[in-house]
Participant: 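Take this structure first; my questions come after.
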2 protein chains.
Amino acid sequence: MVELRDTQQSRVIGQKVLRPREQVEERIRVAILSGELKTGDLLPPEVELARQFNVSRTTVREALRSLTTQGLIYKVPGSRGGNFVQLIDHHSLGTAVIDSVHNLLTLGSIEFTEVAEVRQHLEVPAVRLAAANRSAEDLERLRDIVRRQKSASVDDPEVPKLDEQFHSLIAQASGNRVLASFVSALHHETEPVHYLDLSPDVGRATVRQHKAIVDAIAAQDPDAAEDAIVKHLTYLRKHLAAHVKR
Amino acid sequence: MVELRDTQQSRVIGQKVLRPREQVEERIRVAILSGELKTGDLLPPEVELARQFNVSRTTVREALRSLTTQGLIYKVPGSRGGNFVQLIDHHSLGTAVIDSVHNLLTLGSIEFTEVAEVRQHLEVPAVRLAAANRSAEDLERLRDIVRRQKSASVDDPEVPKLDEQFHSLIAQASGNRVLASFVSALHHETEPVHYLDLSPDVGRATVRQHKAIVDAIAAQDPDAAEDAIVKHLTYLRKHLAAHVKR
DNA sequence: AGCCGTGACATTGTCCAACAATGAACCGCT
DNA sequence: AGCGGTTCATTGTTGGACAATGTCACGGCT
């Protein structure tokens, strides 16, 4: 947090010396972020890149490895393989959040309840916006999910996936992609716990609550929607609290 | 989204073949996430790791490069250097969000308004919680910042930093670290724009609004705090909208 | 004694040249 | 048309060398 400021000489001539790997990485990064390289484009082979940048293939590979880890490119071995520019849309934000939150949770650097709390703070606006902005298609897809949830048995392996889809779809219907990414990421990290115990009672109650949410969205009634989702989340939290066994 | 399920043979014997680099990376990752390696610990030198895993140093280096990019370790060249386990706390989440949102914004994959909207949805609960949970020290620090903002001239290079600190501190005072990380990340990505034009009028209005927020937090009045922050954010948005020149 | 340069040293950073693994396209056989 | 092997471009891994970096200890200078 300490900030060093050059009080005497504010003119700067020298810049930080960048190592070869950093320069290569940066050049490729701006090529991607500037749109010079588009999604799906194939980068030149590593030997060719090494030639162009006049560095060794090893250095190029370290730069590419870093870019891969950042999710900007992906590598494909084999004859028609190579380094391709990765699709970068709002889902990237979701996975970035998932990864980071997951790490922090397993390290104990943050508490589960903090995540759940933020999730609720985001799901309420999400469902309100969904009620206001939902398309006919959104509604149909939500109804379809609830239908399938109703018919699924408790131990059906589809259950968690359906639940994830339900909440993600609502967030998507809000029309705000950042909000959608956050909600589905936080859902992903908070929900898994309650798959372990799932009595038929809880299953039925969940479906009933989901239906109430969808009805409010169908009626385009944000207040009712908020009410329904708060009830749902509160129910889940109470139910979860009864099963903290770890 | 397609899920392939083996309908005929549900017994799985073979697992995916992992490349050496992946195995090394994974082993080190779990060592860190399990707590076997703690913050600040020094990993064995690369040649030693190569010996232990029985792979080449190059392979070890690729694994370490990836872990570095993920923020799990950091590298220090030189005699007493090496690969150290990075501190991983909730700030990691903030920087992860900043990076991803920044990429998406420059690529045009998300809209500025979506980020700003989510920011507001998070700052409202943040300020309410801050009003409820704030410590005496939090309050003193907030007052100190407002004091300094009052005395700072419009073109003072400290101004943006103070603003960032102000909003981050409030989020921190909420007591929810996930919330704090999100708020400061989104603030970081949405605020820079309005540094460009900063008339003395706007500066004074901002400080006045900040003071109102702090007063509400001091009085531990969540409703008043919400009211104040909404007014503030609305003012900023209106002011920003008048200057969309890019 | 304290300060400053200087050189040794451990470690990461880069280079090079080769070979292994991968997987798509091609070709020929039936 | 389908099947199986071959070719080939590309990434993945290896081993070994040298360069760059930054800490430490030492020694000389003041």
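Sequence lines set the chain letters: A, B, ... in the order given, protein chains first and strands last, and positions in each chain run from 1.
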Participant: When you measure from every atom of DNA chain C, which of residues 37-47 of chain B have a heavy atom less than 4.0 Å away?
Facilitator: B/Pro45, B/Glu46
Participant: Can you pull out every salt bridge (Lys or Arg N to Asp or Glu O under 4.0 Å) where at least one residue sits in residues 171-186 of chain A? Sequence neighbours excluded, please.
Facilitator: A/Arg177-B/Glu114
Participant: Give me each pair satisfying salt bridge (Lys or Arg N to Asp or Glu O under 4.0 Å) with a member in residues 67-89 of chain A, each pair once, sequence neighbours excluded.
Facilitator: A/Glu46-A/Lys75
Participant: If you assign A/Gly78 and A/Arg19 each to the DNA chain C nucleotide with the nearest heavy atom, which residue ends up on the more 5' nucleotide?
Facilitator: A/Arg19
Participant: Ignoring the backbone of B/Arg80, work out which of C/dC9, D/dC24, C/dA24 is nearest its side chain.
Facilitator: D/dC24
Participant: Taking NZ, NE, NH1 and NH2 as the nitrogens, is one of them in A/Arg143 or A/Glu140 under 4.0 Å from a carboxylate oxygen of the other?
Facilitator: no
Participant: Report the distance from atom CD of A/Gln23 to atom P of C/dG13, rounded to the nearest whole Å.
Facilitator: 15 Å
Participant: Measure the distance from CD on B/Glu22 to C1' on D/dT13 and round it to the nearest whole Å.
Facilitator: 13 Å
Participant: Can you tell me how far C1' of D/dT11 sits from CZ of B/Arg21, to the nearest Å?
Facilitator: 12 Å
Participant: Tell me every residue that passes side chain to side chain donor-acceptor pair (under 3.5 Å) with B/Glu137, counting only those two or more places apart in sequence or in another chain.
Facilitator: none
Participant: Find the distance B/Tyr74:OH to C/dT11:P and express it as a whole number of Å.
Facilitator: 16 Å
Participant: D/dA9 P sits how many Å from A/Asn83 CG, rounded?
Facilitator: 18 Å
Participant: Would you say CZ of B/Arg147 has more than 12 non-hydrogen atoms from neighbouring residues, nucleotides or ligands within 6.0 angstrom?
Facilitator: yes
Participant: Flag the pair A/Lys161 and A/Glu164 as a salt bridge only when some basic side-chain nitrogen lies within less than 4.0 angstrom of an acidic carboxylate oxygen.
Facilitator: no
Participant: Does anything in residues 49-66 of chain A reach DNA chain C, meaning a heavy atom under 4.0 Å, and if so which residues?
Facilitator: A/Val55, A/Ser56, A/Arg57, A/Thr58, A/Thr59
Participant: Please list, chain by chain and in numerical order, all residues satisfying side chain to side chain donor-acceptor pair (under 3.5 Å) with A/Gln165, sequence neighbours excluded.
Facilitator: none
Participant: Return yes if some donor-acceptor pair links the side-chain N/O of B/Thr68 with the main-chain N/O of B/Leu64 below 3.5 Å, else return no.
Facilitator: yes
